Amino acid sequence: MSTQTQVWTASVATLFPDMFPGPLGHSLAGKALADGRWRLATVNIRDFATDRHRTVDDTPFGGGASMVMKPDVVDAAVAAARAQCPDAPCVYLSPRGRLLDQARVRELAAGPGVVILCGRYEGVDERVIEARGLEEVSIGDFVLSGGEPAALVLIDACVRLLSGVVGNEESLAEESFAEGLLEYPLYTRPQEWNGRAVPEILISGHHEKVRAWRHDQMEKITRERRPDLWDRYAARKAGRA
Ligand code: ADE
């Protein structure tokens with residue numbers, strides 16, 4: 001079967017399958033899930049434990065306070081998650097990973113789906129990451145208590161890019177990061193609120209001037225708030241000139 005006819009699938013290996021779909025069962029993602037525009041599969045890592053206590057973790061070699069998820073158990077769970085979407089990239093969510101950005105989200109959304117391993121405790125045995133060639137991905141420079149909230153973030157970011165999920169697809173072209181810039185400020189009625197007026201240009205009806213103003217705002221906001229994004233944008237722009 002080609003990827004065209006298969007629905008985009010998120011397959012998640014987790015110790016807490018009840019956390020899914022969670023917030024993804026609501027709003028746009030939830031409607032799209034109910035409509036069959038994407039599919040969610042969960043695998044309970046504990047089902048792959050082999051002892052009668054259903055042990056999934058053990059103490060770290062070399063010592064340390066935290067427990068480590070066992071490679072044999074995790075590997076079997078990842079294999080089961082992969083079986084749900086065999087051609088999709090396998091991601092291990094961890095604060096050590098490469099920072100997730102909109103470019104990677106776009107790539108994942110354009111493919112058959114994503115297989116996700118959620119860690120708990122201190123992490124998973126390094127050998128299973130190596131053996132399975134897992135792509136380590138972080139959603140930010142902070143530490144969560146487990147990969148599950150990060151998985152929800154990653155899946156949400158992908159699903160909203162799938163065809164037919166966001167009603168107005170034009171809004172996708174204009175949102176933050178579409179051009180490597182942050183979005184311009186938005187206003188709606190009333191025209192004056194608590195002594196604050198909407199910028200004059202936006203009520204001028206002059207579409208070209210509005211477009212230019214918005215673009216200036218995008219550049220200004222990006223320059224002020226995110227010098228890292230600004231440098232990349234400026235380099236790309238210079239390369240094009
Ligand atoms: N697990 C714990 N912290 C994380 C983070 N920042 N990103 C992805 N997965 C995580």
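Values below: all heavy atoms of this structure, side chains included; hydrogens, waters and symmetry mates excluded. Whatever order the structure lists them in is the order used to number ligands and atoms, beginning at 1. By convention here, the first residue in the shown sequence is residue 1. Since we're looking at a predicted model, the values are computed, not measured.
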I'd like the atom pairs linking ligand 1 to the protein - N or O on both sides, separation under 3.5 Å - with distances to 0.1 Å.
{"unit_1": "ligand 1", "atom_1": "3 (N)", "unit_2": "Leu144", "atom_2": "N", "d": "3.0"}
{"unit_1": "ligand 1", "atom_1": "6 (N)", "unit_2": "Gly140", "atom_2": "O", "d": "3.1"}
{"unit_1": "ligand 1", "atom_1": "6 (N)", "unit_2": "Phe142", "atom_2": "O", "d": "2.8"}
{"unit_1": "ligand 1", "atom_1": "7 (N)", "unit_2": "Ile139", "atom_2": "N", "d": "3.0"}
{"unit_1": "ligand 1", "atom_1": "9 (N)", "unit_2": "Ser94", "atom_2": "N", "d": "3.2"}

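A salt bridge is absent between Arg127 and Glu130: the closest approach of a Lys/Arg side-chain nitrogen to an acidic carboxylate oxygen does not fall below 4.0 angstrom. A salt bridge links Arg160 with Glu175; the closest basic N to acidic carboxylate O contact falls under 4.0 Å. Look at Arg132 and Asp75 and you find a salt bridge, because one of the NZ, NE, NH1 or NH2 atoms lies within 4.0 Å of a carboxylate O, short of that distance.
Looking at Arg39 and Gln6, their side chains never bring a donor and an acceptor atom within 3.5 Å of each other.
Ser66 contributes no side-chain N or O that, together with a main-chain N or O of Glu122, makes up a donor-acceptor pair within less than 3.5 Å. Side chain of Asn44 to backbone of Arg46: a donor-acceptor contact under 3.5 angstrom is found.
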